[in-house]
Engineer: 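Starting off with a structure, shown below.
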Amino acid sequence: MQSLVAFLRGLGAARLAAMVAVTASLIAFFAFVIMRVTTPQMTTLFTDLSGDDSSAIIKDLERQAIPFELRNEGAVIMVPKDKVTRLRMKLAESNLPKGGGVGYEIFDKSDALGTTSFVQNINHMRALEGELSRTIRAIDRVQAARVHLVLPERPLFSREKPEPSASIVVRVRGALEPQQIRAIRHVVASAVNGLKPQRVSIVDEAGQLLADGATSEADNAVGDDRRNAFEKRLRKQVEDIVSSVVGQGRARVQLSADFDYNKVTQTSDRFDPEGRVLRSSQSREESSATAENNGQVTVNNELPGQQRNDGTTAAREQSKKSEETNNYEISRTTKTEVTEAGRVNRVSVAVLVDGIYAKNDKGEMVYQDRTKEQLDRIAALVRSAIGFDQKRGDQVEVVNLRFAEPPSVPAVVEPAGILGMFQFTKDDVMYVIELGVMMLLGLVVLFMVIRPLVKRILAAEVIPALSDTAAVPALAEGKAGEAGAPGQPLLPGSNANHLIDVAQVQGQVHAQAVHRVGELAERNPNETASIIRQWLSEETQPA
């Protein structure tokens, strides 16, 4: 301990302060590196949270002692990546997040015994609005939704019942498609008794009216959907077949279809006079005979085949009549045609294709127009793709023009090598790069900053060790040579051990020993110079 205390005293206050500062900096740096390396990788737990949901989730995470981070003013919560799935299942068990609205769970803790009918109706409406909001948020592109229902009661002594209505405010990413808007209206109308889709109004976060709640869902809306789907399907087919020829992104296709939305019912009867069939046949024959009786009417005369009393036969008048009736069926064809709404009357297609880019002798990209033969072949492909019918007036135009900017096709590079083998994601790669940079920075600080500072602090000023057999006799000889008395001590009555404590010089120079040597050199300058000349002569002599 005395040696340690003497060593610390010999260093001085400045060196001790420098050592403490370097040690503290080193500990802080490596603590930062260790904490940064051991910090778990954070990922998103939930986004677009309301204030109530965010506070409830944070309280649950603090109760479970799980680290988390808040971003976007609490709307986004980050948790460790290895715990995100379990946390989502755990929070779902607790019905979190609720979505910023209350649903049918409002009746879970309510006391129905002392609740009035008015409060029950209000709670039912709140629950219905909350459930509809959650359902609408499940639709793609819808971030948030708020539903307001108006369910009027029928006044007393009134024959007419007021119709319910609804208004919806949505916050979307991008824009909603027409079929999505109609889907929202029908979902809300189906969930509320007596509500019609025409009575549902939809507004986005910018105040744009998406559905005004006054237009009716007529057949033309269905026809427009049918036409849009038909045009979209044909446009995709034409783009695919043209892009495979001219290149991806080097063709623009516009397609328009003319639909007939009239519903036609046609009935026609056709008779074939050549095709007849006997349906029924009826024959009838009649015969009659009349005899002369000279005006005498007797029973005998009226009997057929009777002879007169005188033995002669009476004269007779006979007549025959035949009648035949034949009924024939003539062939008849009855045809009924029903043409539904949405019949295609005409299709018009306009195709714009880019030219060819090739390198010239200088290596520059030069534009070249496509030949007429190539355009004709492309037009033939387009006609085949759309089912071209010249009788109904279809039109196909293929034009070659240079685009304002040549489209760049991004190359999709599949992960290969180690990345493809281990299926590293972008986050994993960035995390490995961050660790590598931190390690490299730590090595640079260690070898370029810490090591030189430690060397400078602990470096020893090497002074040759002075021993009793070399240094003290040399001083004694120098003093004797000057005074003319060889072997005389350097200072009468003084001991060499009091001048230089050789035991204190062990590889490092102590401040106390240096001070003593300095005092000795000041008191005996001639002897000091003699010793130094002797050291120099010994170093210059060949070994």
Side-chain angles (χ1 to χ4, degrees), residues 182 186 196-198 216-235 237-238 255-349 379-396:
R182 286 192 296 273
H186 282 277
K196 298 180 180 179
Q198 298 85 352
S216 60
E217 297 287 338
D219 293 337
N220 56 355
V222 178
D224 291 339
D225 290 342
R226 191 176 302 173
R227 183 185 64 183
N228 294 333
F230 179 79
E231 292 179 350
K232 184 177 180 180
R233 179 174 58 84
L234 288 186
R235 187 183 302 111
Q237 292 177 358
V238 174
L255 188 143
S256 176
D258 184 14
F259 273 68
D260 185 7
Y261 297 115
N262 297 325
K263 185 176 180 180
V264 180
T265 302
Q266 182 179 1
T267 303
S268 61
D269 292 338
R270 183 181 179 183
F271 296 92
D272 187 7
E274 300 297 332
R276 59 181 182 176
V277 179
L278 180 63
R279 180 179 181 182
S280 62
S281 179
Q282 183 178 1
S283 298
R284 178 181 173 183
E285 293 183 358
E286 296 181 359
S287 62
S288 62
T290 304
E292 294 182 359
N293 51 10
N294 295 323
Q296 294 179 1
V297 179
T298 61
V299 175
N300 189 23
N301 292 334
E302 295 299 328
L303 291 176
Q306 295 296 327
Q307 296 181 354
R308 293 180 179 269
N309 295 330
D310 55 3
T312 61
T313 302
R316 300 178 62 89
E317 181 181 356
Q318 296 181 356
S319 64
K320 290 183 178 181
K321 182 181 178 182
S322 63
E323 182 180 352
E324 183 177 0
T325 303
N326 295 326
N327 296 324
Y328 290 93
E329 287 288 347
I330 301 176
S331 298
R332 183 182 65 176
T333 302
T334 302
K335 183 179 181 182
T336 302
E337 292 183 357
V338 179
T339 304
E340 296 290 342
R343 181 177 56 184
V344 180
N345 291 334
R346 188 180 62 179
V347 178
S348 300
V349 184
L381 292 175
V382 173
R383 283 193 291 267
S384 300
I386 66 173
F388 182 83
D389 189 359
Q390 189 175 2
K391 294 181 179 180
R392 67 184 181 186
D394 294 349
Q395 294 181 355
V396 174

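What you see is a predicted model; the values in this text were computed from it and never measured. Here, residue 1 is the first one in the sequence, and each next residue gets the next number.
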Engineer: Taking side-chain contact (heavy atoms from CB on, under 4.5 Å) as the definition, give me every residue that meets it alongside Glu286, ordered by chain and number, with sequence neighbours left out.
Structural biologist: Arg284, Lys321
Engineer: Applying side-chain contact (heavy atoms from CB on, under 4.5 Å), name anything that partners Gln237, two or more places apart in sequence or on another chain.
Structural biologist: Arg233, Leu234
Engineer: Could you tell me which residues satisfy side-chain hydrogen bond (donor to acceptor under 3.5 Å, both in side chains) with Thr325, sequence neighbours excluded, listed by chain and number?
Structural biologist: none
Engineer: Please report the closest heavy-atom contact between Ala379 and Val396, naming both atoms and the distance.
Structural biologist: O-CG1, 4.3 Å
Engineer: Could you tell me which residues satisfy side-chain hydrogen bond (donor to acceptor under 3.5 Å, both in side chains) with Glu323, sequence neighbours excluded, listed by chain and number?
Structural biologist: none
Engineer: Search all heavy atoms of Ser322 against all heavy atoms of Glu285 and return the closest pair with its distance.
Structural biologist: CB-CG, 3.7 Å
Engineer: Give every residue pair that meets the salt bridge (charged side-chain N to carboxylate O under 4.0 Å, His left out) criterion with at least one member in residues 379-393, sequence neighbours excluded.
Structural biologist: Arg392-Asp394
Engineer: Can you sort out the partners of Thr336 under side-chain hydrogen bond (donor to acceptor under 3.5 Å, both in side chains), two or more places apart, ordered by chain and number?
Structural biologist: none
Engineer: Which residues pass the ring-ring contact (aromatic ring centres under 6.0 Å, His included) test with Phe230, not counting sequence neighbours?
Structural biologist: Phe259
Engineer: Partners of Arg346 by side-chain hydrogen bond (donor to acceptor under 3.5 Å, both in side chains), sequence neighbours excluded?
Structural biologist: none
Engineer: Report the distance from atom CZ of Arg227 to atom CG of Asp258, rounding to the nearest 0.5 Å.
Structural biologist: 8.5 Å
Engineer: Within the side chain of Glu231, is there an N or O that forms a donor-acceptor pair under 3.5 Å with the backbone of Ala257?
Structural biologist: yes
Engineer: Suppose we screen for side-chain contact (heavy atoms from CB on, under 4.5 Å). Which residues come up paired with Gln390, at least two apart in sequence or across chains?
Structural biologist: Phe388
